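Structure, as structure tokens:
The shown structure was predicted, so the numbers you read here are calculated from the model rather than taken from an experiment. Counting starts at 1 for both ligands and their atoms, in listed order.
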Amino acid sequence: MKLSTEEERMLAGKEGPGVQRAMELLVAVGEAYDAEVMIKVSFSHLLGTEMSHYPMGQFGVWSRELVEESVEGAERFKVPTTINPTFLAPELGERLGYPQPYFDEVKASTAHGARIYERLGVIPAYTCSPFFIHPARKGEHLGAAESAVVLFYNTVFGAMANRESGPTSLASALTGRTPLYGMHFPENRYGQALVELKDDVHLGEFTCSDYSALSYYVGGLAVDKIPVFQGFPPDMTMTQLKYLGISLAVSGGLPMLHVVGITPEASTLEAAFGNRKPALKLEVGKKEIDSTARDLCSAKNDRVELVALGCPHASITEIQEIARMLQGKHINKEVTLIVGTSEMLQIMAKKMGLVDIIEKAGGMVIHGMCTACPFLRRQVPRGFKVEPVATDATKAAHYLKYAGVQTWFGSTEKCIQAAVTGKWEAD
Ligand code: F3S
């Protein structure tokens with residue numbers, strides 16, 4: 001790769017071993033993708049410290065040592081940098097009765113990493129919805145990890161980002177660079193798969209979980225072909241776009257989507273496809289959406305032990321909606337209900353009286369932790385179980401189901417009803 005003088009300096013170790021390793025990694029990735037040069041990024045989003053080097057939370061000394069080595073000698077992140085949620089919020093761990101040694105290990109690992117990243121100037125958002133805190137403009141280049149985050153920035157803001165890993169997003173934060181390839185080129189961002197809805201799909205009645213199931217279904221068929229949705233109402237909300245997007249990155253490997261007339265690179269169908277013909281056409285009806293939702297349910301009985309809402313982290317309007325649904329109700333004594341969000345939105349929700357309504361009903365608004373990870377069976381301590389879990393997000397349902405956790409998937413309203421009765425109502 002052809003590097004600038006400043007990039008050569010970093011590669012030569014003039015800014016310390018951490019920045020040097022970061023540049024070595026970016027050069028290796030760039031060469032693997034035939035990138036000719038580096039490009040400056042304006043923003044990075046990191047995975048949680050304890051999950052940076054191994055997905056889904058693995059703790060211990062080696063993980064801490066890797067974080068330390070990765071940033072050795074660095075003074076500040078070079079660009080504004082947000083960070084994903086940590087693994088487990090202390091108040092939830094205590095409430096669920098996780099064994100103390102396990103809990104202590106998680107706390108020690110996350111606190112250690114947080115101290116290091118905060119010293120380097122990370123924006124301590126600890127959220128997988130950083131786009132509600134740090135927006136981007138069209139054409140900005142990012143070096144961000146977390147599939148849902150990358151998908152949202154590419155799709156809704158028209159920012160340009162590849163699906164980065166924990167180590168490469170950290171390398172971008174340390175160097176302010178990413179190799180120029182893939183989604184950083186406009187011509188690689190055109191749609192390839194046309195998604196049309198059958199007449200029996202009524203978007204006016206769609207819940208967020210319907211958008212989420214549609215996304216999951218399309219991702220499974222489109223796989224790596226950027227989908228273009230047409231026929232969607234022009235007043236789609238950010239929250240609906242969030243749910244339409246995220247699961248494309250779970251059932252498929254997609255970094256973005258287009259919605260004709262709504263997202264910035266899809267003013268028309270022709271613009272979305274770059275005047276090319278779709279390589280794939282998909283027609284989706286109610287049957288496909290309903291069966292996708294059914295397939296995500298793996299619970300064997302109608303009991304519900306935990307209701308997990310906010311994956312990715314809930315927007316303020318989602319919290320408002322959940323509070324409205326819980327107003328005057330009481331959650332079943334056997335059920336824990338959590339709403340995951342960022343600390344900033346939790347504070348706002350508290351000021352608006354929404355947190356009080358949810359807590360009065362017996363639920364919890366949790367900030368800074370992943371809504372699904374602490375319940376994955378291979379992550380919970382041996383002999384400890386929190387299931388069946390009910391959720392309104394296909395991403396959480398996917399990870400829980402495939403980690404062997406009994407799962408119910410359905411609308412937020414259905415999840416709340418289950419929290420109140422302790423039972424999942426069959427359709
Ligand atoms: Fe966020 Fe965890 Fe879902 S990181 S996107 S709440 S699986």
[X] heavy atoms, cut-off 4.0 Å: which ligand 1 atoms fall inside?
X	answer
C128	1 (Fe), 4 (S), 5 (S), 6 (S)
T371	2 (Fe), 6 (S)
C311	3 (Fe), 5 (S), 6 (S), 7 (S)

Quiz item: Would C370 count as a contact for atom 3 (Fe) of ligand 1, in the sense that one of its N, O or S atoms lies under 2.8 Å from it?
Solution: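 Looking at C370, which is the residue asked about, there is no N, O or S atom under 2.8 Å from atom 3 (Fe) of ligand 1.
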Quiz item: Can you name the residues that form a salt bridge (charged side-chain N to carboxylate O under 4.0 Å, His left out) with K198, not counting sequence neighbours?
Solution: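 If we apply the salt bridge (charged side-chain N to carboxylate O under 4.0 Å, His left out) test to K198, skipping adjacent residues, the hits are E288.
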Quiz item: Do F43 and H134 have ring centres separated by under 6.0 Å?
Solution: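 Yes; H134 has its ring centre under 6.0 Å from that of F43.
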Exercise. Assess the pair Y211 and Y243: is the distance between their ring centroids shorter than 6.0 Å?
Key: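 Y211 vs Y243: aromatic centres not under 6.0 Å.
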List the atom pairs, donor and acceptor, that lie under 3.5 Å between side-chain atoms in residues 329-339 and the rest of the protein, sequence neighbours left out.
from: K329; atom 1: NZ; to: M325; atom 2: O; distance (Å): 2.8
from: N332; atom 1: OD1; to: E334; atom 2: N; distance (Å): 2.8
from: N332; atom 1: ND2; to: T421; atom 2: O; distance (Å): 3.3

